[in-house]
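Let me begin by presenting the structure, written as structure tokens, before commenting on it.
Letters A, B, ... are given to chains in the order of the sequence lines, protein chains preceding strands, and every chain is numbered from 1.
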2 protein chains.
Amino acid sequence: MPGNLDRRVRRTRQAIQRALVELILEKGYEAVTVTDLIDRADVGRSTFYAHFDGKQAVLFSNLSEIAFLHPPISADGPLFAFSLAMFEHVLEQRDLVRALLGRRSGRVVMAHGEQLLQDLIRDELLARGAGRSTSLELVVTCVVGAFMALLSRWVDEELTATPAELDAAFHAAVGPGVRAMLAQA
Amino acid sequence: MPGNLDRRVRRTRQAIQRALVELILEKGYEAVTVTDLIDRADVGRSTFYAHFDGKQAVLFSNLSEIAFLHPPISADGPLFAFSLAMFEHVLEQRDLVRALLGRRSGRVVMAHGEQLLQDLIRDELLARGAGRSTSLELVVTCVVGAFMALLSRWVDEELTATPAELDAAFHAAVGPGVRAMLAQA
DNA sequence: TGCATTACCGAACAGGTTGTTCGAGAGGAG
DNA sequence: CTCCTCTCGAACAACCTGTTCGGTAATGCA
């Protein structure tokens, strides 16, 4: 009994989540209405609102399924080692990630994804000896921005590349600058 | 007679544009309705639709007022010299830029801003001898992402820094990596 | 298996938003 | 001063949202 939930509940929730991903990929997040959603999921209106507050809540419930956004922090070993593994995982769940973080996604979820990444990167730099400061925050922002931009354009298929190529480009772009900063501290 | 337009037209359009910026800063783009807009601008409903197709059209008409998004490309001199000037200009029109590119803005306008910046940066790298390739595109994406992330968090006041500090952080983060790439080619 | 519990359906509802239409009236250009 | 253009505001159909409710089915457990 996965999740210790009534089977009906599981089925209903999954149908709704799946439907949202499909619809986002078809029309874009903004254009998807709750009516679309319950129609596609084949679920009663009242049932929908019994489970979610609105379409945004469905979106976040989906986001929590992307577990690889929480990798362990590595203080030694190569810088930003999470990157390659993350691109590889994304490849496996491309549709879901595209719906959540791609061009057709919504503003809120993007911001949430950025927040997760931001904490991850800041923690790694702190573990590598950087001091808490405004300039650290600025660098973290740059690194997050670079990574998210790659991810977004990739899942939207504006970029054709393998995970290894993306990883290489990411490290080539921000690696030298970050290493120089760490060396100073 | 600025713009060779009827004074009434000028007044109406300006009132609407101004109202949208105010309302975005107050409630966020998504939450602003056309009804809010015409109410705040004190303009008749039919008048609004005589000028714009909807709130998104108003947003884009505002975006074209940010002229400093189109600086000249510099092939010699320091790398990414546009950056400092851009941050300084943003400081002068903070509210407008925050409404357009900050956290409360809409997805579409962000994408448009990224597009402008992307072309700018790609052109500069090409002028500095980089060859058209997938890996160039990847690097451009990283640089754009880093810059936009700084800009967004700054106008939202999540970061407290001077234009000079932002410029320094931007160059420190992506400068070394980009220079290394250019040296190879 | 039987039964109490829980979830679902679907229709109906009030309240809000959108985009359009139209005639009357005010404002600007020349 | 006059003509032309712009604006007003009300009214409209169409759509979306979030909630309510009684009836119906599925489920979990003893």
Ion pair check, A:R104 and A:E26, cut-off under 4.0 Å: no
Decide yes or no for A:T141 and B:E158: does some side-chain heavy atom of the first lie under 4.5 Å from some side-chain heavy atom of the second? no
Got more than 12 heavy atoms from elsewhere within 6.0 Å of CZ, A:R11? no
Near DNA chain D, which residues from residues 44-56 of chain A have a heavy atom under 4.0 Å away? A:R45, A:S46, A:Y49
Send over the distance from A:D42 CG to C:dG10 C1', rounded to a whole Å. 12 Å
A:R13 CZ - C:dA7 P separation (whole Å): 9 Å
B:R10 has an atom CZ; how far is it from atom C1' of D:dT5, in whole Å? 14 Å
Positions of residues 14-38 of chain B (non-hydrogen atom under 4.0 Å from DNA chain C), listed by number: B:T33, B:V34, B:T35
Decide whether B:V21 and B:V108 are clustered together by the hydrophobic rule: side chain heavy atoms of Ile, Leu, Val, Met, Phe, Trp, Tyr closer than 4.5 Å, transitively. yes
How would you list, by chain and number, every residue that makes a ring pair (Phe, Tyr, Trp, His ring centres under 6.0 Å) with A:H112, sequence neighbours excluded? A:F60
Look at the side chain of B:D6 and the backbone N and O of B:R8, then say whether any donor-acceptor pair between them is shorter than 3.5 Å. yes
Electrostatic pair A:R18-A:E22, nearest N-O below 4.0 angstrom: no
Is the closest basic N to carboxylate O distance between B:R107 and A:E30 below 4.0 Å? no
May I have the distance from B:R7 (atom CZ) to C:dG30 (atom P), rounded to whole angstrom? 12 Å
Heavy atoms under 4.0 Å, any strand shown: does B:R8 hit a base, just sugar-phosphate, or nothing? base
In whole angstrom, give the distance that lies between atom CZ of A:R11 and atom C1' of D:dG28. 17 Å
